[in-house]
2 protein chains.
Amino acid sequence: MSDSLSITLDRSSPVPLYHQVAQQLELAIRQGVLAPGDKIDNEIALANALGLSRPTMRQAIQTLVDKGMLVRKRGVGTQVVHGKIRRNVELTSLYDDLAAAGQQQRTEVLALQRESADEALAAHLRLTPGEEVWTLHRLRFVNDEPLALLRNHLPVALVDLADAELETSGLYEHLRRAGIHLRVAEQRIGAKSADEQERELLAAGDVPLLTMERTAFNDAGAVIEYGHHVYRSDLYAFEITLVDR
Amino acid sequence: MSDSLSITLDRSSPVPLYHQVAQQLELAIRQGVLAPGDKIDNEIALANALGLSRPTMRQAIQTLVDKGMLVRKRGVGTQVVHGKIRRNVELTSLYDDLAAAGQQQRTEVLALQRESADEALAAHLRLTPGEEVWTLHRLRFVNDEPLALLRNHLPVALVDLADAELETSGLYEHLRRAGIHLRVAEQRIGAKSADEQERELLAAGDVPLLTMERTAFNDAGAVIEYGHHVYRSDLYAFEITLVDR
DNA sequence: GTCAATGCTTTGTCAGGACATATTGACGTA
DNA sequence: TACGTCAATATGTCCTGACAAAGCATTGAC
């Protein structure tokens with residue numbers, strides 16, 4: 001039912017057909033044209049309607065199944081199950097989330113310098129001690145209240161932060177613009193009490209802090225970034241949508 | 001290089017061929033037979049060697065690419081990038097993790113009862129107030145130290161906990177055995193100070209607590225479970241591997 | 001000796017077909 | 001009425017074939 005959705009294909013576009021279909025399907029779901037519970041037409045009918053082969057149509061649907069937005073049942077059909085799905089890597093990008101929520105935010109760069117990695121840091125970045133790394137300390141405010149203390153380290157060989165506009169945009173956005181694609185990230189989320197420096201910077205009296213440690217890898221498996229952040233737990237929490245396959 | 005890996009296929013098995021290949025490839029990577037950096041043979045050669053078609057071989061490789069263990073580059077080949085990858089849903093299953101680490105653990109069921117859902121709980125489980133739900137409170141110990149207070153709610157209509165052996169195995173294991181497949185989960189991780197009851201049960205003096213709130217959905221998009229847990233942050237942290245596609 | 005053009009390798013995309021299997025509902029029979 | 005059988009339907013699996021596009025190395029010209 002509800003095949004009022006209109007999908008247009010551009011065969012001269014470099015964007016793969018299955019991706020064009022997937023994008024327009026996802027948009028339809030996010031915008032509510034297809035609501036949770038709605039059944040979409042079967043693969044063969046859809047493929048015919050769009051002038052595509054069944055494998056291509058399947059591939060389009062599969063990407064949305066992997067995102068957790070559609071569910072297929074053999075002998076039954078394909079159904080919409082979920083509208084809003086959160087992007088994966090970064091768990092949640094603090095910068096983007098706050099921007100999306102319309103919160104006024106501000107970032108203060110406390111330190112940005114090149115230095116040689118000590119043993120512990122080299123281990124995190126999988127370098128040999130002594131190699132040069134960027135060290136970046138930032139303090140992020142929301143509505144003029146300090147929210148998070150962000151400490152990051154990146155190998156100089158792979159990233160250039162010299163001209164990064166880190167006060168006005170996120171670190172990950174800078175990496176994306178530099179053509180660096182983060183593929184895998186290992187994260188560890190915990191909690192701790194604030195130490196003296198953190199209490200001072202974050203103006204958090206006895207508020208427990210949420211900690212996040214992350215190592216991010218690019219396509220080649222090289223470490224791009226190691227960060228350890230602390231957040232005021234009264235102002236922030238991590239949200240994520242997980243999909244099991 | 002390093003095609004000493006031996007993959008055996010059973011065409012009479014109900015397990016799909018691409019899945020058999022993927023499983024054995026994953027095992028080889030996890031066991032270090034294929035180490036990060038190793039290149040595997042190209043799709044066509046592998047397919048021929050196993051007597052499979054290229055699409056089937058591709059499908060096998062794709063599942064490992066989606067898990068973040070392999071990376072493909074057009075014109076180059078396929079490489080191993082990551083050995084250890086953590087399972088997805090549950091972020092991390094406390095019970096399984098502790099068992100894998102060889103820690104001695106014990107679970108105490110504080111409460112298990114059927115009751116009718118109040119307004120707040122009904123909203124979490126997407127029921128109408130008054131419908132019956134299971135309420136489960138557990139206290140989990142590691143090495144005889146209290147680690148976490150687990151509070152869960154499940155709709156009576158979808159799950160039966162009457163005979164669940166919740167002292168000796170995890171809740172998720174019980175659900176799996178009952179044939180319930182969790183497909184999507186929304187989680188929220190934060191931190192807070194312990195209240196009086198939590199301080200008493202967890203014997204945590206001034207240790208901040210890590211909180212986890214989760215809503216889990218099955219294939220049909222129905223809510224199977226809502227849980228809010230607290231963990232002693234000096235003994236536990238969430239670990240997760242994220243893959244971007 | 002340097003650099004650009006070219007060709008090879010490998011994955012990416014797309015088509016079309018065949019059979020298997022799970023689910024549902026209709027039908028027929030006890 | 002109750003139960004089992006069967007057919008229709010939809011997705012799951014697997015195959016063959018073809019061309020496109022990106023990376024890399026080799027070749028060739030200057």
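In this text the structure is predicted, and so the values were computed from the model without any measurement. Every heavy atom of this structure was used, including side-chain atoms; hydrogens, water molecules and symmetry mates were not. In the text below, chain A, chain B and the rest are named by the order of the sequence lines, each starting its count at 1.
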Provide, to the nearest angstrom, the distance between the CG atom belonging to Asn42(A) and the P atom belonging to dT24(C).
-> 16 Å
Shortest side-chain distance from Gln59(B), nucleotide among dT24(C), dG16(C), dT13(D) | dT13(D)
Point-to-point distance, once rounded to the nearest 0.5 Å, from CG of Leu70(B) to CD of Gln62(B) = 9.5 Å
Atom-to-atom span, CZ of Arg58(A) to C1' of dG12(C) - whole angstrom = 19 Å
In whole Å, what is the span from the CZ atom of Arg11(A) to the P atom of dC14(C)?
-> 8 Å
Note: for Pro55(A) and Arg74(B) on DNA chain D, the residue whose nearest nucleotide lies more 5' is Pro55(A)
Nearest-angstrom distance from the residue atom CG of Leu17(B) to P of dC15(D) | 6 Å
By ring pair (Phe, Tyr, Trp, His ring centres under 6.0 Å), Tyr226(A) pairs with (sequence neighbours left out) His124(A), His228(A)
Distance from Ile7(B) atom CD1 to Gln24(B) atom CD, nearest 0.5 Å?
-> 5.5 Å
Between CD1 of Ile44(A) and P of dG16(C) the distance, given in whole Å, is 13 Å
Hey, is the side chain of Arg54(B) pairing donor to acceptor with the base of dG12(C) inside 3.5 Å?
-> yes
Side-chain N or O of Thr56(B) less than 4.0 angstrom from OP1 or OP2 on dT13(D)?
-> no
What's the NZ-P distance between Lys39(B) and dT11(C), to the nearest Å?
-> 9 Å
Kindly say whether Gln187(B) contributes a backbone atom to a donor-acceptor pair with the side chain of Glu239(A) at under 3.5 angstrom?
-> no
How close or far is atom P of dA10(D) from atom CD of Gln79(A), stated in whole angstroms?
-> 14 Å
Picking from dC14(D), dT11(C), dT13(C), the nucleotide nearest the side-chain atoms of Tyr18(A) would be dT13(C)
Would you say Thr78(A) reaches dA10(D)'s phosphate, i.e. side-chain N/O to OP1/OP2 under 4.0 Å?
-> no
For Val76(A) and for Gly77(B), find the nucleotide of DNA chain C with the closest heavy atom, then tell me which residue's nucleotide is more 5'.
-> Gly77(B)
Are Arg72(A) and dG12(D) close enough that a side-chain N or O sits under 4.0 Å from OP1 or OP2?
-> yes
Under the salt bridge (charged side-chain N to carboxylate O under 4.0 Å, His left out) rule, collect the residues that match up with Glu131(A), sequence neighbours excluded.
-> none
Please state how far atom NZ in Lys73(A) lies from atom C1' in dT21(C), giving the value in whole angstrom units.
-> 16 Å
